[in-house]
Amino acid sequence: MSPLSLVGFRQDGAAALGVSLALMVVSAIIAVGAGLVAAQEQRSVGNEVRALEARSLAEAGLNRAMIYVRQNFQNVRATATGGWMDPTARRWTNCGTSVTPPCGDGTVNVFNNRWTAYSSVPNLGVSGETLQGSYTGHLVARASAAGAHDPGQGLIQVVGQGVSADGQGRALVRQGVVFQPFLASRPDAPLIAAGTIGLSGTISVVANPNGGGSGVPLSA
């Protein structure tokens, strides 16, 4: 074989090696790109699953809080022991500038000092239920006046808060309910008798001091 042909052979091998290296680099770039796309899709799917999970839990919290309101609607404005306006055990706190749920969404104050929040909605979970994540129910009512703790008559916002199992997904949902009873609050101890009763001494008959709303007397 002549020296010229050996030189040509070595040049052909160098070109093939260069092409092979280029193909390997391109293949590596494609593989890395495909991996990044797959990882991004996986993150997107995970975020969607967490969002749906938190939303479902928030709905559960709202539904349980709604049941609690329906079971206790007569206590909303009651001032007797156990009533939600019992002066010795106040259950409403003015929202003010709080950003903590239910007064806010964790960042922004949604309900200002014209609203008051119920402080102790119980966990009404079903016995034996197993949850992946957690939920909480809240109640927010229009305050009787700006800065007041006691709620006025009318609208109550029921708020459900849900947190996914890993704590990364969070959701808040709310729904308004309105109560329009004949009396805004019932008498704490109404007098009921069958037939006639004998009375001695003196007796005073007065109107229900909050029958028509906070500070508005009314009797029937």
Side-chain angles (χ1 to χ4, degrees), residues 50-125 131 133-164 167-181 183-186 188 208-218:
R50 283 189 289 268
L52 292 174
E53 182 182 1
R55 175 81 182 190
S56 298
L57 290 166
E59 293 283 355
L62 184 144
N63 291 334
R64 302 294 168 80
M66 188 76 72
I67 293 172
Y68 182 67
V69 173
R70 290 173 178 170
Q71 291 175 342
N72 296 276
F73 75 93
Q74 293 180 331
N75 294 325
V76 172
R77 295 189 51 79
T79 57
T81 302
W84 292 6
M85 291 181 64
D86 179 359
T88 63
R90 188 177 65 198
R91 301 193 185 188
W92 295 95
T93 303
N94 190 269
C95 280
T97 59
S98 174
V99 299
T100 303
C103 295
D105 60 4
T107 304
V108 179
N109 173 243
V110 179
F111 296 102
N112 55 25
N113 68 345
R114 297 289 307 182
W115 295 83
T116 182
Y118 186 74
S119 60
S120 56
V121 177
N123 182 358
L124 300 177
L131 293 176
S134 61
Y135 65 79
T136 310
H138 304 280
L139 304 176
V140 182
R142 191 78 172 177
S144 59
H149 293 281
D150 59 302
Q153 183 180 0
L155 179 65
I156 290 181
Q157 291 279 353
V158 182
V159 181
Q161 178 184 8
V163 181
S164 64
Q168 299 299 311
R170 296 176 179 272
L172 286 173
V173 294
R174 67 174 182 261
Q175 180 176 337
V177 294
V178 178
F179 295 101
Q180 294 293 344
L183 296 178
S185 62
R186 63 182 180 180
D188 292 337
N208 181 0
N210 297 302
S214 181
V216 181
L218 179 67

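Numbers here simply count residues along the sequence, with the first being 1. Note that these values count all heavy atoms, side chains included, but never hydrogens, waters or copies made by symmetry.
Residues Pro151 and Ala141 come closest through the heavy atom pair CB-CB, 3.6 Å. Nearest heavy atom pair, residue Ala117 against residue Pro102, reads CB-CG, 4.0 Å.
Between His138 atom NE2 and Gln157 atom CD the span is 13.5 Å, to the nearest 0.5 Å. A distance of 7.0 Å separates OG in Ser134 from CG in Leu57, rounded to the nearest 0.5 Å. Remark: Arg55 CZ to Leu172 CG distance equals 10.0 Å, nearest 0.5 Å.
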**Message:** Between Val158 and Val177, does the side-chain contact (heavy atoms from CB on, under 4.5 Å) criterion hold? Intermediate values first, please.
**Reply:** CA-CA 7 Å; Val158 182; Val177 294; 4.1 Å; yes
**Request:** Step by step, work out the side-chain contact (heavy atoms from CB on, under 4.5 Å) result for Val173 and Glu59.
**Result:** CA-CA 7 Å; Val173 294; Glu59 293 283 355; 4.1 Å; yes
**Prompt:** What do the steps show when you test Phe111 against Asn94 for side-chain contact (heavy atoms from CB on, under 4.5 Å), and what is the final call?
**Reply:** CA-CA 9 Å; Phe111 296 102; Asn94 190 269; over 6 Å; no
**Prompt:** Could you go step by step and tell me if Val140 and Ile156 meet the side-chain contact (heavy atoms from CB on, under 4.5 Å) rule?
**Reply:** CA-CA 6 Å; Val140 182; Ile156 290 181; over 6 Å; no
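The side-chain heavy atoms of Asn112 and Thr97, taken from C-beta on, include no pair separated by under 4.5 Å. Residues Tyr135 and Asn63 have side chains not in contact (no heavy-atom distance under 4.5 Å, counting atoms from C-beta outward). Contact annotation: the side chain of Gln175 approaches that of Leu62 to within less than 4.5 Å [non-hydrogen atoms, C-beta and beyond].
In this structure, a donor-acceptor pair under 3.5 Å is present between the side chains of Ser144 and Asp150.
No donor-acceptor distance shorter than 3.5 angstrom exists from the side chain of Asn109 to the backbone of Val99, with no hydrogens or angles considered. No side-chain donor-acceptor contact under 3.5 Å links Asn72 to the backbone of Asn75. Of the possible donor and acceptor atoms, one in the side chain of Thr116 sits under 3.5 Å from a partner among the backbone N and O of Thr93.
Below 30°, between 30° and 60°, or above 60°: for Tyr118 and Trp92 the angle between ring planes is above 60°, a perpendicular geometry.
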